Each structure stands twice: as C-alpha cells, then as structure tokens.
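Reviewing the structure listed below.
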Amino acid sequence: MSASPTLAPAALGSFTPEVFAAHLASVSHLPAWWLDRKRAAYEKFASLPLPKRTDESWRFATLTGLKLDGYVLPAAVTAAQLGHSPIGIAKAGKLVLANNRLVAQEPISAELAGRGVIFETLQNALLKHGDLVKAHLLAQPAKQGSEKFSALHTALLNDGAFIYLPRGVELAEPLAVFHYAHGAAAAVFPHTLVIAEGNSRATVVDFFRSADDGAHFACGQNDLYAAHGAQLTYTAAQTWSRETLSFQSNSIVARRDARVQSFNLHLGGRQSRHESHSELQAPGAHSEMLALTVAHGSQEFDQRTLQIHQAPHTSSNLLYKNALLDQSKTIFSGLIVVDPDAQKTDAYQSNRNLMLSDDAEANSLPGLEIQANDVRCTHGATSSRIDPEQEFYLQARGIRKDDAGELLTFGFFEEVLSKLASEPLHDAFRDLIKTKFKK
Amino acid sequence: MSSLEIKDLHVSIGEKQIVKGLTLTVRSGEVHAIMGPNGTGKSTLAKAVAGHPSFTITSGDVLLDGRSILAMQPDERARAGLFLAFQYPSEIPGVSIANFLRAAVQARMGEGEELDATGYYKRLYSKMDLLKIDRKFTSRAINDGFSGGEKKRCEILQMAMLEPKFALMDETDSGLDIDALRIVADGVNALRSTNLGVLMITHYQRLLGYIVPDHVHVMWDGRIVKSGDKSLALELEAKGYDWVKKELVRA
C-alpha cells in the first residue's frame, strides 16, 4: 500500500501505511467486513488532501494548525497510571478507555443485562453483535468537510463504547464513557455507538480527557441512532489538554417520533473541530442540538452543524453559545437542509457569542437550504459584549470584575444548561465550566 | 462610629457638569434624605459615590472613615461598606438570586476562606422572612420579570445580607404602590441601627412618612441649597419645589 504520489507527506503525517499496517495486524481477530472497511478508509484518508484555503467548509479555520505529524499510536496504560478521577454522579454503568483501549469498567446491573441492555466495548460488540454494529457503526458518512479525518478515524479506530437499548427499556441513570489520551503525542480515536430501539429511553455521557498536559491528537466520532419513539439524551464534555488538536464528529439519526437531545461542552484543546449532523428521517422525529464553549487563551473552536429534514413533520432546534476570552477564536457554521417532501418542517438554529475580550474573534455562518414550501425555519447569530450596567450592578455588590464576568457568563449559558433534565449532570458541567475561570 | 464625607464634590457626564460642589457628612446611625426635583443631580450623586464608570468626578472628594474612596473600583467601595440601592436595578437573566448573593458574600471573605453554606442559607432565609419575601424567590434570576415592588424588596434583601456601613438609596420609593412602599420601608426601618448610615434620595415626601429622616437636604442644580430636620420635608411638601426655586436659589 502506498500513498498517492501527488500528496505531500504532510497529508499523512504520522499516520503512515506502516502505522496502519501494524494497527490492522493488531485487530486481525475482528470481523472481515470491518477490516475491509478499515482498509478502504485508510485508502481514502491517504488519497484526500488536507483542508485548503479554498474549502468553503473550512472557512475561517486556522489551517496551519492542522498538522498530522509528531503523533504516535500510544502504548497501553493501566488505570493506576491514568489517575482517573470520577465525576461524582450516579451511573447505570461506566467504561473507561485510555489510549484506545479499555482500562476500567463498572458493568450495568444484571437486571439491565437480563432485559437485553448491552454496554460494552466496541471490539466485544464487533465479535458478539456483528450485524447490529455493522448496521450502525459509522453509517453516516462525514458531510461537513472532515471526510479525511473521518476516514482516519475509521482506519485507526481500535476500541470504543457500544450501547444497545432494547425496545421499551428505560434507564434511570446515565451510562458514562470516559475517553482518555495519556502520554506525550498520544493519538486517540474515541468512538461511542448508541443504538436506542423503539420507545427506549436513556442518557449517555461521553467525557473526553487528557491524562496529562501533553500535545495529544484526538480524532473521534459517535453514532447515535434513535428508533421509533426512542428518547435519547447524549451529552459530552471535552476537556482535552491545552495542546491537543481534536476532530470530533457527531452523527444523529432520528426515526419516527424519536427525540434526541445532544449537548456538547467544549472547553479543552488547542484547536478543536466539532461537526454535528442530525438526520430527521421520519415524521415526528426531533433533534435538539445544544453546545456551550468557553474559549480562552489562543484556543480555537470550530463548529459545523447540519440539520437535515428528510421527512414531513420533523423538527430540530439548535442553540450553540460561545463565551470568548483573551485572544480566542470560534467559528460556527450551521446549515438547515429541508428536502423537497419534508413539508411542515419546524427548524431553528441559533448561535450566540458573548465577547469577554476585545481581542477575541467569533465567526458565524448560519445558513438555510430549503426545498419544501410549507416549513418554518428560523436562524440567527449574535455577538454581544457584557452589558456594562449589569457588570456595575454586580460590582456594586462587592463582586470583583472577573467574577462578575464569570457570573454573567453562567447567566448567558443558563438558557442551554437549564435544558438538561439531569440536575447532577447540570452541576457536573457547571463545575467543569468553572475551571476555565480559575486563575 | 463610621462616617461618609462628601466634600465639595463635582461630577460630570462627558462635558456636562451635573453635581456642582456638594458637601455632606453622614454618620453611622443617621438617616439623611436628599430631596429635589428631577434632573437636579440626585441620582448622579449616588452613582458617582458608588463608582459608576459613566460619571467623572472632576473635583472634590468622598471619604469613608477619613479615607478617600475615589481611586477604588466599585466592587472595592462595596466591600469597604458602601451599598447602592438602585433606582432601576439591572435584570440579569440566568443568574439566580441565591448564586448572586453567595458570590457577593464570598467576595467579602478572605483568601481560602470557605463559605458556610448552611449558615448562609439560614441567614438568607431569616432576612427574607423579615422582608416578607417568599423563599422561592432565591431560585429566580436577578430582577428578571420582577414587578417594581419585587425589585425594590430584592434591593433591600441584598442590603440586609451585605450589612453595609452606608446605604445610598436611590429613589427607592419610585414605582411602588402603597403596600409595596410599606413593606420596603418596614424593611429599611428593621435594618436601621447605630451601625448603619443611610442617604435616601427621593423626589417625594411620601417615603419620609415611613422612613423618618434625621436630616433633610434640598438639592437644586447640583448643590444642597437648604438643610434641616424632618419638618423641612413637610414644608417642601406644602410649598412645592417652586418655593425652593424662588426663595432658596435666589439667596
């Protein structure tokens, strides 16, 4: 196997054919269809160039930051080496993955397992529930510019989390998955696959963490599939190290009357690209897409979203809020697509930026692409500064200017946080956000 | 015994002089009322003393216990013991009263000192009971969708929790019906003590029937033109501000 001769070495970076071959050999026990997909994905990765200045889907992004060299597929770590710290919420089960391997777990109860709930590693699922995995794993191709990185993810994905909720099963507590990168230059490929069958109901939480302040490379993806009437809540908290380059792609499929709520908290990383697309495939499907970002220092957060209405009477509601400090930069590019027969679509898209610094830069590109004639679609983007009267009011109570900024940021975020039904998760995320304001 | 001394204070907004040489001393335990028609500089005085960035103090001084506060940020002035009860309190969606007050109380504690949450809530609830404020109030966002009366009660609640040395109360009676006025006045009266000095700014005599001042000052065109005891307020009520214009300003 060799890369296309027209490509500069930078297009492969550390992820050379030799690295891929060694990885493939290490997963040779997995089903042949999966290995075939990985081979095809590597070919695709190697054939695609890195994003270029002229790529509309990378507009405003700092392309010089997207270097793929200097990384390694890291060695295994033990739970002790990792120093995993819990988040203090009640869970129905937990998986801790680090450096692309399972390091610790709290299985689901025998009662839930008896009812058919599956919560285990992706490798185990590939071996035991191959058909189920095959139908949903990476089933939605990347559509928003990260085709190359999505292919890399498929090629080098070693292990992740697999969640299967049978028809009608409701989980009272969330399932938590921790994805760690550990050690200098570690490259990780996190994956969480959730299949929620008809009328099931659950909350899944992904935590993306660096175990140290190394310059990590994270290239993750998740697949959320909500069947007829399923109610799926997915939340993710990204706290990669400040030197991490991250690509994350979030795919949501909602079938008839399914309701999916996704919430992504973006705090870490040097440069973080997040793509999220929802496909509303059948009448009554609903997707609520939420995100909060606190950008500081010279961090860059690049978020691209797609709300695709493929059937009539579907709805989606997107609210992304960014708080920008220092010289940070955010990009939001969102698109609502309404297919010709998706009449009575109700779609909303909003990006709001709170500028806490004059040196920060927020870019917004909201968009609509509507081919049906009886729809309601609204979108908007705003950037605003802290209201000086509100700031003075807080200061007049003795609250320091910086703390007033933090309080007002939480006030700005509350509209999103309050949509999370789980109070403990809400509190856990608040605590994570607070760490961004510690001096 | 604390003192708040305002000395020959001149305040401008941009190029426009609003306060033009005002001198006044308030001591702990005293309640002073400043009365005067609209546009005479009363609110400017209160906000400038609290440190609002839109106002420039061009000359004069404000001393708290003998030390100038003019170089201090608004939050430093507040922690030093000043409290401004706003005429138009800001609405801050998403920030609950409980979190806000906790941040304000915490700001007054030393480095590394932890807030005793149980004690804090106990104190908060007792002040709320005193002010006849429903406990559900604490989870509401600051002044967000509050009625005029709720906003003013919320100001008094903050004052009760923060226990300032001096309170500048800017038109606390404005926009209140008689029942709300009585509750607010009862709250202020309950907080009156030998440790608190109050500077009440009001347009109407009505409030002074509920919060009886020790001293009354009449402000006109950026200065105090007459001072007296509570009977001055009644005289003003009877004769109207035209009397001030004709009798006092001419003098």
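Residue numbering restarts at 1 for every chain, and letters A, B, ... go by the order of the sequence lines. On a predicted model such as this, the values are computed, not experimentally measured, just so you know.
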| request: Measure the CZ-CZ distance between R400(A) and R79(B) for me, rounded to the nearest 0.5 Å. | output: 3.5 Å
| remark: Whatever's closer than 4.5 Å to a heavy atom in chain B on Y393(A) counts as both
| task | Grab the two heavy atoms, one from A78(B) and one from G398(A), that are nearest each other, plus how far apart they are. | result | CB-N, 3.3 Å
| Below 4.5 Å, heavy atoms only, C-beta onward: do V95(B) and F410(A) meet side chain to side chain? | no
| task | Look at A141(B), A80(B), S96(B), P89(B) and state which one has the largest set of heavy-atom pairs under 4.5 Å with chain A. | result | P89(B)
| said: Around atom CZ of R259(A), are there more than 12 heavy atoms from other residues, nucleotides or ligands closer than 6.0 Å? | reply: no
| said: Heavy-atom count check: over 12 atoms from other residues, nucleotides or ligands less than 6.0 Å from F146(B) CZ? | reply: yes
| said: As an exercise, state the distance from CG of D75(B) to CD of E391(A), rounded to the nearest 0.5 Å. | reply: 9.5 Å
| Taking M159(B), M161(B), Q158(B) one by one, which has the highest count of heavy-atom pairs under 4.5 Å against chain A? | Q158(B)
| field | chain B contact via E415(A) - which portion, at a heavy-atom distance below 4.5 Å | value | neither
| Closest non-hydrogen atom pair between F392(A) and G51(B), with its separation | CE1-C, 3.6 Å
| task | Please determine, among L408(A), L407(A), D387(A), the option with the most heavy-atom pairs under 4.5 Å with chain B. | result | L407(A)
| How long is the span from the CG atom in N143(B) to the CD atom in Q390(A), to the nearest 0.5 Å? | 10.0 Å
| Hey, are K401(A) and E76(B) close enough for a salt bridge, meaning a charged N less than 4.0 Å from a carboxylate O? | no
| note | When the 4.5 angstrom heavy-atom criterion is applied to I92(B) and chain A, the contacting part is both
| field | More than 12 heavy atoms from other groups under 6.0 Å of CZ on R140(B) | value | yes
| request: Tell me, for I142(B) versus chain A, whether the close heavy atoms (under 4.5 Å) come from the side chain, the backbone, both or neither. | output: side chain
| field | Residues, nucleotides or ligands: over 12 heavy atoms within 6.0 Å of R135(B) CZ | value | yes
| query | Just wondering, are more than 12 heavy atoms of other shown residues or ligands nearer than 6.0 Å to NZ in K7(B)? | reply | no
| query | When you look at CG of N189(B), are more than 12 heavy atoms from neighbouring residues, nucleotides or ligands closer to it than 6.0 Å? | reply | yes
| query | Under a 4.5 Å heavy-atom cutoff, which of A103(B), S90(B), A107(B) has the most pairs with chain A? | reply | S90(B)
| task | Hey, could you give me the CD/CG distance between E414(A) and N99(B), rounded to the nearest 0.5 Å? | result | 8.5 Å
| request: Measure the spacing between CZ of R108(B) and CZ of R397(A) and express it to the nearest 0.5 Å. | output: 9.0 Å
